[in-house]
Amino acid sequence: MSGNSILGTLLLWLGAAVIWVSGESGRVIFAAGLGGLTRWFSSERRRLRDGIAAVIGGAIAGSYLWPGVLWALRMDHTPDSVAMAAFVAGTLG
């Protein structure tokens, strides 16, 4: 493993940790973006451009649609359930 790869991975996880700790909105956007990334991984077209669009689209959809998913699943409003609802909305978005 090269030094650039290790540094890039470290910066990625550090950025994810900062977003996650930054508050509820950071958690929602991060979880929704991961939902979009999951959608991209499961699709047949795996071009980088499609992956970037899936992550951005998932983050946008999840940040607006997580209350509907939380209501549809009839879950309590806890930080973990909000992140889960944002992930599901990002996957579907």
Side-chain angles (χ1 to χ4, degrees):
M1 190 178 264
S2 68
N4 289 336
S5 176
I6 293 172
L7 180 62
T9 303
L10 180 65
L11 289 175
L12 174 74
W13 284 107
L14 182 63
V18 167
I19 288 172
W20 191 261
V21 172
S22 68
E24 190 69 27
S25 61
R27 290 182 193 135
V28 166
I29 292 171
F30 183 69
L34 285 180
L37 185 66
T38 302
R39 183 181 68 238
W40 177 67
F41 276 137
S42 64
S43 70
E44 293 180 11
R45 297 187 319 179
R46 290 209 185 144
R47 295 186 307 219
L48 184 60
R49 180 181 65 190
D50 294 335
I52 293 170
V55 169
I56 292 171
I60 292 170
S63 64
Y64 288 108
L65 298 177
W66 70 263
V69 172
L70 198 64
W71 174 81
L73 296 176
R74 295 186 175 126
M75 298 187 69
D76 294 334
H77 191 279
T78 63
D80 290 336
S81 63
V82 169
M84 184 275 311
F87 179 83
V88 170
T91 303
L92 298 175

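What you see below is based on every heavy atom in this structure, not just the backbone, and it leaves out hydrogens, waters and symmetry mates. On a predicted model such as this, the values are computed, not experimentally measured, just so you know.
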Could you give the side-chain donor-acceptor pairs of residues 24-36 under 3.5 Å, partners two or more places apart or in another chain?
residue: R27; atom: NE; partner: W20; partner atom: O; Å: 2.9

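Within 6.0 Å of the CZ atom in R46, the count of heavy atoms belonging to other residues, nucleotides or ligands exceeds 12.
Here L14 contributes atom CG and L10 contributes atom CG; the two are 6.5 Å apart, rounded to the nearest 0.5 Å. I60 contributes atom CD1, which lies 11.0 Å from atom CG of L65 (distance to the nearest 0.5 angstrom).
For the ring-ring contact (aromatic ring centres under 6.0 Å, His included) condition, the pairs that include at least one residue of residues 66-93, sequence neighbours left out, are W66-H77. Residue pairs that meet the side-chain hydrogen bond (donor to acceptor under 3.5 Å, both in side chains) test with at least one member in residues 81-93, sequence neighbours left out, are T78-S81.
Contact detail for A89 and A61: the closest heavy-atom pair is O-CB, 4.1 Å.
A continuous path of ILVMFWY side-chain contacts below 4.5 Å connects F41 to V55, so both sit in one hydrophobic cluster. Hydrophobic clustering (side-chain heavy atoms under 4.5 Å, transitive across Ile, Leu, Val, Met, Phe, Trp, Tyr) keeps W40 apart from I52.
Evaluation of the side chain to side chain contact (heavy atoms under 4.5 Å, CB included) rule for V88 yields V69, M84, L92 as partners, not counting sequence neighbours. The side-chain hydrogen bond (donor to acceptor under 3.5 Å, both in side chains) search around S42 returns none, not counting sequence neighbours. The salt bridge (Lys or Arg N to Asp or Glu O under 4.0 Å) search around D50 returns R45, R47, not counting sequence neighbours.
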